[in-house]
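Working notes for the structure below.
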Number of protein chains: 2
Amino acid sequence: MTRHAAIRAQIEARILSGALRPGDKLPSEAELVAEHGVARMTASRALADLVAAGLVVRRRKAGSFVAVPRAEESLFGIPDLRATLGPGHAHAVLHRATRAATAADKARLGALPRGARVLALQVRHMAGAVPQAIEDRLINLAAVPEAAAEDFGAAPPGSWLLERVPWTEAEHRIGALAADAATAALLAVAEGAPCLVLDRLSRREGLPVTAVRFTYPGDRHAFTGRSTPRLREAPQPGMRIS
Amino acid sequence: MTRHAAIRAQIEARILSGALRPGDKLPSEAELVAEHGVARMTASRALADLVAAGLVVRRRKAGSFVAVPRAEESLFGIPDLRATLGPGHAHAVLHRATRAATAADKARLGALPRGARVLALQVRHMAGAVPQAIEDRLINLAAVPEAAAEDFGAAPPGSWLLERVPWTEAEHRIGALAADAATAALLAVAEGAPCLVLDRLSRREGLPVTAVRFTYPGDRHAFTGRSTPRLREAPQPGMRIS
DNA sequence: CATGAGATTATGTCTAGACATAATCTGCCG
DNA sequence: CGGCAGATTATGTCTAGACATAATCTCATG
């Protein structure tokens with residue numbers, strides 16, 4: 001491993017483990033130079049790479065800081081509902097239960113230790129009087145214990161988690177399904193109507209954090225994206241729900 | 001503009017304009033140093049940035065080359081059907097017509113000059129005997145004149161274009177629709193069955209190249225993706241159709 | 001107390017040179 | 001002609017120092 005890669009990896013590990021939280025100040029270049037015994041260019045390169053990865057922001061004179069994931073931006077290429085639906089958005093928690101993980105829960109979240117507890121939520125998102133999405137979510141309480149005491153009345157679980165769980169890997173799947181009777185009733189569409197379904201599993205350092213399924217009425221939502229192979233100065237624009 | 005940014009922009013422009021084609025050799029660092037009168041580190045940084053953007057690949061001793069977009073990789077985050085469906089894949093051109101762009105064509109492709117000619121294609125993709133997708137495509141013949149003489153018997157239009165049009169911007173949209181009668185018949189599903197619909201508009205240097213709609217049976221396909229905010233050595237993995 | 005000028009500081013860019021590394025090329029030898 | 005050893009070459013990484021730039025901080029002055 002090269003020296004700049006070693007410095008980068010050390011800082012990256014501290015951010016991903018949560019030891020450094022969003023907004024925290026990183027060591028300055030001069031401190032990294034002293035600590036690692038390298039030239040300033042080498043330390044600078046390590047930080048520049050972290051900026052390119054979106055983990056760090058730098059401001060002249062002020063220093064380098066752990067990047068704060070902005071809710072209105074897409075963390076996984078698919079952003080938070082609260083930001084996309086705008087000011088008319090409201091949500092209601094339809095169902096909320098804490099339980100020991102069942103076999104079905106483990107199938108959704110992946111490997112969990114024996115006796116792990118999960119929080120199951122069902123939330124409906126509205127724009128005015130029109131249902132926009134059903135959110136079925138499982139949260140691994142071992143990864144996010146604070147969630148057990150949260151009622152998600154103020155912020156929907158997606159936004160709430162986005163501000164607390166610093167950085168994760170994610171897998172998603174977008175498919176199309178016919179609405180079953182229960183879903184159709186909640187979304188105010190005909191049974192059998194086409195729905196866009198987004199499944200996402202988020203992990204932090206390999207530990208499953210949350211699994212979620214969003215079900216959107218097919219006539220009201222689509223994922224749109226713009227991409228370009230050009231060099232980007234800013235993080236790549238992701239997908240938006242419109 | 002900084003000096004390394006200027007060098008990078010010059011090379012980038014030559015690649016995007018098509019003056020340098022995929023696989024072509026770029027000037028070596030030493031040549032860039034001589035041409036621009038900069039230190040080698042500066043020229044190296046310009047090339048390193050282009051590598052990070054995925055436009056360039058570099059090999060020791062051999063030199064730097066314009067990256068060849070690999071078909072099995074995703075150009076726009078959503079890859080080529082031929083690669084995803086594997087060896088059992090077959091396609092058939094159901095409809096093929098060259099015409100002056102109609103108003104509907106212009107709505108799909110965006111601004112076109114008066115009298116512009118387009119190639120309209122409908123292609124069905126199969127895996128064995130099972131229909132997998134319907135592809136409705138418009139190609140702007142001003143951008144890709146060679147397409148007029150191509151019958152797309154060997155390679156489907158997506159793969160064919162991917163190998164010829166070097167780099168573009170793209171917009172996409174993923175939605176869910178109920179199959180109409182014609183689509184249902186072609187995909188061998190019931191009328192009204194949920195379908196996943198992908199629309200994509202590709203441009204090259206602002207010029208519309210192709211607009212395409214893929215319609216997948218909802219019970220046979222989904223887009224899956226994996227993302228991570230970690231620093232990536234390789235270009236970010238995109239979405240796959242499974 | 002408010003404010004603006006100037007000092008300070010961390011980052012941003014660049015240079016000239018050095019050594020390392022890997023792949024290609026060359027030419028010798030069987 | 002075939003294949004291996006060594007020379008060559010382009011990239012990869014690093015250093016030590018320099019100047020530029022922008023934002024913050026300090027402090028004297030009104």
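Fair warning: this is a prediction, and the values are worked out from it, not measured in the lab. Lettering of chains follows the sequences in order, A, B, ..., and the numbering in each one begins at 1. Computed over heavy atoms, backbone and side chain alike; hydrogens, waters and symmetry mates excluded.
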Notebook entry, point to check: Do any pairs count as a side chain to side chain donor-acceptor pair (under 3.5 Å) and have a residue in residues 54-66 of chain A, sequence neighbours left out, and if so which ones?
Noted result: A:E29-A:R58, A:R58-A:S64

Item checked: side-chain contact (heavy atoms from CB on, under 4.5 Å) partners for B:L112, two or more places apart -> B:A101, B:K106, B:L109, B:A116, B:V118, B:N140, B:P208

Note to self: Return a single string for nucleotides 5-15 of chain D, one symbol per nucleotide in 5' to 3' order, where B is base contact, S is sugar-phosphate-only contact and - is none, cutoff 4.0 angstrom on heavy atoms.
What the structure shows: ----BBBBBBB

Next item on the list: Please identify each residue that fulfils salt bridge (charged side-chain N to carboxylate O under 4.0 Å, His left out) with B:R108, with sequence neighbours left out.
Entry: none

Notebook entry, point to check: Under the salt bridge (charged side-chain N to carboxylate O under 4.0 Å, His left out) test, which residues partner B:R124, sequence neighbours left out?
Noted result: none

Notebook entry, point to check: Considering residues at least two apart in sequence or located in another chain, which fulfil the side-chain contact (heavy atoms from CB on, under 4.5 Å) criterion with B:A147?
Noted result: B:L119, B:I139, B:L141, B:V144, B:F152, B:W160

